[in-house]
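Worksheet: the structure to be examined is printed underneath.
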Amino acid sequence: MDNIRNIVILTGAGVSAESGVATFRGPDGLWEGHRVEDVATPGAFVTDPHLVQKFYDERRAKLKTVKPNAAHEALAWLDAEWKGELLLVTQNVDDLHDRAGSRRLVHMHGELNSAWCLACDARMPWAGTLLDFPDCPECGQKYLRPDIVWFGEMPYYMERIEAALAVCDLFVSIGTSGAVYPAAGFVQTARACGAKTLEINLDPSEGSHLFDESRQGPAGTLVPEWVARLLQD
Ligand code: APR
């Protein structure tokens, strides 16, 4: 641990599971109840915009009923204490890392609490519903959509993420199945740039074999343990 200065952490739905936010894959996962093509593609928004808005409105409303868990809090503590470079890259569209206090944070798949106007291209904080197609506060038109990166769209902050991966000494993946690129490929980029790699996940993920070390168990237990050890060292 002596040589570690720059850290990149990738989180997925598993980090929020113990807060009561549904993951995507597996039993009870969001993609068990919905077809990805029906709610998470630009084509779906053209075909059935009401279904898409309702899906994200319900998930946005759910945020008001959940709170950060021990894993989010430990990562915020690490952010506050770590003197080297640190970037927390989340695939999650919930706001639990933000509410826990993480600051060096990017939401690569967008945020439920943000809306994007397809007429004027403005993005704005949004806590209410979009199903009723409200006026855009910027331009007055009714073309607001969830500010979520759908399948077939380019994730946000890729340049910043690639730059951080290129100089990191440690890459840690937490609570993600490794099923969706480009995030699933970050471990290979980090390795190619010389970083040590650690996975923390409830089950073996699709990419477990790519990591130097893979720890299996709940993030709410394993992440605070890992952070405490890292800060102690
Ligand atoms: N602690 C740690 N890991 C957990 C926990 C937990 N308490 N509960 C579940 N997991 C693990 C599961 O074993 C699974 O491997 O979290 C992972 C969640 O995987 P997915 O549901 O596939 O979620 P994620 O990897 O974030 O999905 C990536 O897919 O559909 C898209 O855009 C969506 O950002 C999402 C992307």
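When reading the values below, keep in mind they use all heavy atoms of this one structure, side chains included, and skip hydrogens, waters and symmetry mates.
- Scanning all heavy atoms of the two residues, the minimum distance from Ala74 to Val227 falls at O-CG1, 3.6 Å.
- Here the straight-line distance linking atom SG of Cys136 with atom CG of Asp121 works out to 10.0 Å at 0.5 Å rounding.
- Note on Trp82: it clusters hydrophobically with Ile200, by side-chain heavy-atom contacts below 4.5 Å among ILVMFWY residues.
- Relative orientation of the Trp150 and Tyr56 rings is tilted, given thresholds of 30° and 60° on the angle between their planes.
- Side-chain heavy atoms closer than 4.5 Å link hydrophobic residues (I, L, V, M, F, W, Y) into clusters, and following such links, possibly through other members, connects Val106 to Met158.
- Contact of the Gln141 side chain with the Cys120 side chain is not registered, since no non-hydrogen atoms from C-beta on lie closer than 4.5 Å.
- Atom CG of Asp135 sits about 4.0 Å away from atom NZ of Lys142, to the nearest 0.5 Å.
- The side-chain heavy atoms of Met124 and Leu144, taken from C-beta on, include a pair separated by under 4.5 Å.
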Task: Verdict with reasoning, Phe211 to Arg191, per side-chain contact (heavy atoms from CB on, under 4.5 Å) - done: CA-CA 8 Å; Phe211 290 82; Arg191 278 179 80 118; 5.7 Å; no
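- Val21 places none of its side-chain heavy atoms less than 4.5 Å from the side chain of Asn92.
- Proximity of Asp98 to His107: side-chain heavy atoms (C-beta onward) are separated by under 4.5 Å at one or more points.
- Once rounded to the nearest 0.5 Å, the distance linking CZ of Phe55 with CG of Asp38 reads 10.0 Å.
- Heavy-atom minimum distance, Phe133 versus Pro49: CZ-CB, 3.7 Å.
- Note: the hydrophobic cluster containing Leu88 also contains Ile4 (ILVMFWY, side chain heavy atoms under 4.5 Å, direct or indirect links).
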TODO: Decide side-chain contact (heavy atoms from CB on, under 4.5 Å) for Ile174 and Ile9; before the verdict, give the C-alpha distance in whole Å, the side-chain angles of both, and the deciding distance to 0.1 Å.
DONE: CA-CA 7 Å; Ile174 303 169; Ile9 302 163; 3.7 Å; yes
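- Screening Thr23, Asp94, Thr90 against Ser16 for a side-chain hydrogen bond (donor to acceptor under 3.5 Å, both in side chains) leaves a single residue, Asp94.
- Of the possible polar contacts, one joining the Thr197 side chain to the Asp212 backbone as a donor-acceptor pair under 3.5 Å is found.
- Note on Val172 and Leu202: separate hydrophobic clusters, where clusters join Ile, Leu, Val, Met, Phe, Trp and Tyr whose side-chain heavy atoms are under 4.5 Å apart, directly or indirectly.
- Interatomic distance, Leu130 CG to Arg60 CZ, rounded to the nearest 0.5 Å: 4.5 Å.
- One finds a salt bridge joining Arg104 and Asp79 here, because a Lys/Arg side-chain nitrogen approaches an Asp/Glu carboxylate oxygen to under 4.0 Å.
- Shortest non-hydrogen contact noted between Ala184 and Gly178 is CB-O, 3.4 Å.
- Contact check for Lys62 versus Leu112: no side-chain heavy atoms found under the 4.5 Å cut-off.
- Remark: the backbone N or O of Pro125 is not paired with any side-chain donor or acceptor of Asn113 at under 3.5 angstrom.
- A distance of 12.0 Å separates SG of Cys193 from CD of Gln188, quoted to the nearest 0.5 Å.
- The local environment of OH in Tyr143 is sparse, with at most 12 non-hydrogen atoms from other residues, nucleotides or ligands closer than 6.0 Å.
- A side-chain donor-acceptor contact under 3.5 Å links Lys83 to the backbone of Glu81.
- Using a 4.5 Å heavy-atom cutoff, the side chains of Gln216 and Asp203 are not in contact.
- Taking the charged nitrogens against the carboxylate oxygens, Glu58 and Lys54 do have a contact shorter than 4.0 Å, which makes a salt bridge.
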Open item on the list: Is there a side-chain contact (heavy atoms from CB on, under 4.5 Å) between Ile7 and Arg5? Walk through the geometry before answering.
Closed with: CA-CA 7 Å; Ile7 305 175; Arg5 183 167 167 75; over 6 Å; no
Task: Stepwise side-chain contact (heavy atoms from CB on, under 4.5 Å) check, Glu111 with Asp147 - done: CA-CA 6 Å; Glu111 296 175 70; Asp147 190 7; 5.8 Å; no
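- A donor-acceptor pair under 3.5 Å is formed between the side chain of Asp57 and the backbone N or O of Leu131.
- Val180 approaches Gln91 most closely through the heavy-atom pair O-OE1, 4.5 Å.
- In terms of heavy atoms, Pro155 sits closest to Pro182 at CG-CD, 3.6 Å.
- In this pair, His72 and His97 present their aromatic rings perpendicular. The plane angle is above 60°, beyond the 30 to 60° band.
- Counting only heavy atoms from C-beta outward, the side chains of Pro134 and Trp126 approach each other to under 4.5 Å.
- The distance from the CG atom of Leu105 to the CG atom of Leu86 is 10.0 Å, given to the nearest 0.5 Å.
- Nearest heavy-atom pair across Pro68 and Ser19 is C-OG, 3.8 Å.
- Tyr157 and Val149 fall within the same hydrophobic cluster, defined by Ile, Leu, Val, Met, Phe, Trp and Tyr side-chain heavy atoms under 4.5 Å apart, directly or through other members.
- Within a 6.0 Å sphere centred on CD of Glu85, heavy atoms belonging to other residues, nucleotides or ligands number 12 at most.
- Judged purely by atom type and a 3.5 angstrom limit, Glu18 uses its side chain to pair as donor or acceptor with the backbone of Ala219.
- Side-chain atoms of Phe45 and Val39, non-hydrogen and from C-beta on, never get closer than 4.5 Å to each other.
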